[in-house]
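Reviewing the structure listed below.
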2 protein chains.
Amino acid sequence: MRATLLPVSVHIVVFGIRCEGLAVLLLPRAEMWSLPGGGVEDAEDIHGAALRQLAVQTGLRDVYMEQLYTFDHLDADTVQRTVAVTWYALVPSASSFTKTAAGEWFAVEALPALPAEQAGIVHLARQRLAAKLEYSTIALQLMPERFTLGVLQAVHETVLGTALDKRNFRKRVLAWACIEETGEMAREGHHRPARLYRVTRPGSVEIIK
Amino acid sequence: MRATLLPVSVHIVVFGIRCEGLAVLLLPRAEMWSLPGGGVEDAEDIHGAALRQLAVQTGLRDVYMEQLYTFDHLDADTVQRTVAVTWYALVPSASSFTKTAAGEWFAVEALPALPAEQAGIVHLARQRLAAKLEYSTIALQLMPERFTLGVLQAVHETVLGTALDKRNFRKRVLAWACIEETGEMAREGHHRPARLYRVTRPGSVEIIK
DNA sequence: GTTTGTTAGTGTACCTGAAACACTAACAGG
DNA sequence: CCTGTTAGTGTTTCAGGTACACTAACAAAC
């Protein structure tokens, strides 16, 4: 007996910080904006396919990426059904990454019309990200190489959609073992300079909290 | 351009309570025990495929089921690669469900040798289940229609692998809105009878805790 | 019928971690 | 030197979780 074969695709919700807000990277396609992604080939596994599509379509490499959920009937409006493995990725803010070759960043609160179910995928990804903020150090994946605690707090507030107490926030993140002072100061703006921190083990997300 | 087609399969980790312990349902296959599951057909979506395989292979219907993760290279030992969408299901204990036509229950601590990566899938499913116990009412999906708080506590302890304080446990679960007294008593054993409870909305899992 | 063994059922004190809260410091620009 | 703006710092309060011991009800054995 021959196994049934199906088209399998990957779709990636790429999050970044733009203009002080959480943003999603979309590509122009078929008269509509759409999530990066595409079909999985024979020679690659689904994780590799997602990384490849990201690199080819957006130029992004070495970003943090996690699997989100696997949907079916994603392309219900087309004749062909597709098994869609979805992922979300986080790119550092203010880095060269945010100036990608193709695609455009949209504030997560103001997305354009998307193909079937993609809006739901973005929503789910955002929920997952917000949940992880509460019990992990995942927000550091959205940070540039050097960052101030003020910016880190702003990112948290942006993703969670709520204001946080400065002192309580600093207490919490300074207890994390995975960030450390650089010794340098951010000298910008007409105000007191802020200490610059960096991540000790980039790419690793600790579950501690 | 023609889309690449791939074999897609579903695999289900079926949890139940047997002999006072957490157990997994396995099927005899190719000289090895194996998780229920199989290929996804054209006419069904992946969720439907998982339900169908469960029904056909084990006789289980109307069980609680959640998607776990999607793997690739699952059948790396075979020539053909497969995209494997994995799920976990919970069946009520002491119900007729636990006497399934085919398959056998194995204590989760003492599983036989399994095909490539399936042991890892079971482990992941168990982690997920344990995590959900802490912030949801999911354990009720493992309960028979009427149950005592003593048994509910035993199920929690079984899954978590730790002992729980009786008074604190009762305080917590009695605050759940989704269980209620039946008014009946469990008259079994040489000891004081216990009150029997039931779920108010079977099948629903509340995130409240 | 009294004793024994076993599980059911109940309330309070303590402790830890989260939340609330206001002022001084350092810089640039006017 | 005054103003505006962000950086940086401790303590008190509150709530939720944890620890903890006895009485109640039944069946079986004696």
Side-chain angles (χ1 to χ4, degrees), chain A residues 17 19-20 93-94 130-131 133-137 139 143-144 146-158 160-177 179-198 206-209, chain B residues 17 19-20 93-94 130-131 133-137 139 143-144 146-158 160-177 179-198 206-209:
Chain A
I17 303 293
C19 311
E20 305 281 301
S93 68
L133 273 198
E134 313 256 16
Y135 63 88
S136 78
T137 62
M143 293 287 104
R146 285 149 197 243
F147 56 91
T148 68
L149 294 192
V151 172
L152 180 57
Q153 179 175 348
V155 168
H156 271 81
E157 291 174 334
T158 281
L160 293 175
T162 64
L164 298 174
D165 178 85
K166 199 208 300 189
R167 279 174 291 193
N168 293 336
F169 178 80
R170 295 169 82 89
K171 227 180 302 175
R172 213 181 81 199
V173 302
L174 287 177
W176 294 351
I179 68 173
E180 64 185 2
E181 287 190 39
T182 63
E184 295 164 292
M185 308 291 280
R187 322 194 81 266
E188 56 186 24
H190 315 168
H191 52 79
R192 174 172 178 175
R195 294 178 189 158
L196 282 168
Y197 291 80
R198 81 178 132 234
E206 323 249 328
I207 313 294
I208 304 162
K209 178 190 179 166
Chain B
I17 303 292
C19 310
E20 306 279 304
S93 68
L133 274 197
E134 314 255 15
Y135 64 89
S136 79
T137 62
M143 294 287 103
R146 285 148 198 243
F147 55 90
T148 67
L149 294 192
V151 172
L152 180 57
Q153 179 175 348
V155 168
H156 271 81
E157 292 175 332
T158 281
L160 293 176
T162 64
L164 298 174
D165 179 85
K166 200 207 301 189
R167 279 174 291 192
N168 293 336
F169 178 79
R170 295 169 82 90
K171 228 181 301 178
R172 213 181 83 199
V173 301
L174 287 177
W176 293 352
I179 69 173
E180 64 185 3
E181 288 190 39
T182 62
E184 295 163 291
M185 308 289 280
R187 322 194 81 266
E188 56 186 24
H190 315 166
H191 52 80
R192 176 173 177 175
R195 294 178 190 157
L196 282 169
Y197 291 80
R198 81 178 134 233
E206 324 249 328
I207 313 293
I208 305 161
K209 171 202 170 166

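To find a chain, count down the sequence lines: A is the first, B the second, and so on, and within it residues start at 1. For the numbers below, each heavy atom of this structure counts, side chains included, while hydrogens, waters and symmetry mates do not. Computed from a predicted structure; not experimentally measured.
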Can you sort out the partners of A:D165 under side chain to side chain donor-acceptor pair (under 3.5 Å), two or more places apart, ordered by chain and number?
-> A:N168

Taking atom P of D:dA19 as reference, at what distance in whole Å does atom CZ of B:R170 sit?
-> 18 Å

Roughly, in whole Å, what's the span from CZ in A:F169 to C1' in C:dC21?
-> 18 Å

Distances for protein N or O near nucleotides 11-19 of chain C N or O, under 3.5 Å:
{"unit_1": "C:dT12", "atom_1": "O4", "unit_2": "B:K171", "atom_2": "NZ", "d": "3.0"}

Nearest whole angstrom, please: distance from the C1' of D:dT6 to the CD of A:E188.
-> 11 Å

Please list, chain by chain and in numerical order, all residues satisfying side chain to side chain donor-acceptor pair (under 3.5 Å) with B:R198, sequence neighbours excluded.
-> B:E180

Would you mind reading off the distance between B:M185 atom CE and D:dA25 atom C1', rounded to a whole angstrom?
-> 8 Å

Please state how far atom NZ in B:K166 lies from atom P in D:dG17, giving the value in whole angstrom units.
-> 21 Å

Check whether any side-chain heavy atom of A:Y135 sits under 4.5 Å from a side-chain heavy atom of A:I208, and report yes or no.
-> no

Heavy atoms under 4.0 Å is the rule here; annotate nucleotides 24-29 of chain C 5' to 3' with B where the base is hit, S where only the sugar-phosphate is, and - elsewhere.
-> -BBBSS

To the nearest Å, how far apart are B:R172 CZ and D:dA15 P?
-> 21 Å

Have a look at B:R195 and say if it touches a base, only the backbone sugar-phosphate, or nothing, with a 4.0 Å heavy-atom cut-off.
-> sugar-phosphate

Donor-acceptor under 3.5 Å (A:S93 side chain, A:M143 main chain) = no

List in chain and number order the residues that pass salt bridge (charged side-chain N to carboxylate O under 4.0 Å, His left out) with B:R167, two or more places apart in sequence or in another chain; answer none if no residue qualifies.
-> none

Applying ring pair (Phe, Tyr, Trp, His ring centres under 6.0 Å), name anything that partners A:F169, two or more places apart in sequence or on another chain.
-> A:H156

Residues in side chain to side chain contact (heavy atoms under 4.5 Å, CB included) with B:R195, at least two apart?
-> B:E181, B:M185, B:Y197

Residues at least two apart in sequence or cross-chain that pass salt bridge (charged side-chain N to carboxylate O under 4.0 Å, His left out) with B:E157, listed by chain then number, are none

Round to a whole Å and report the spacing from CG of A:L152 to C1' of D:dT6.
-> 16 Å

Report yes if some heavy atom in the side chain of B:I17 is under 4.5 Å from a heavy atom in the side chain of B:V151; otherwise report no.
-> no

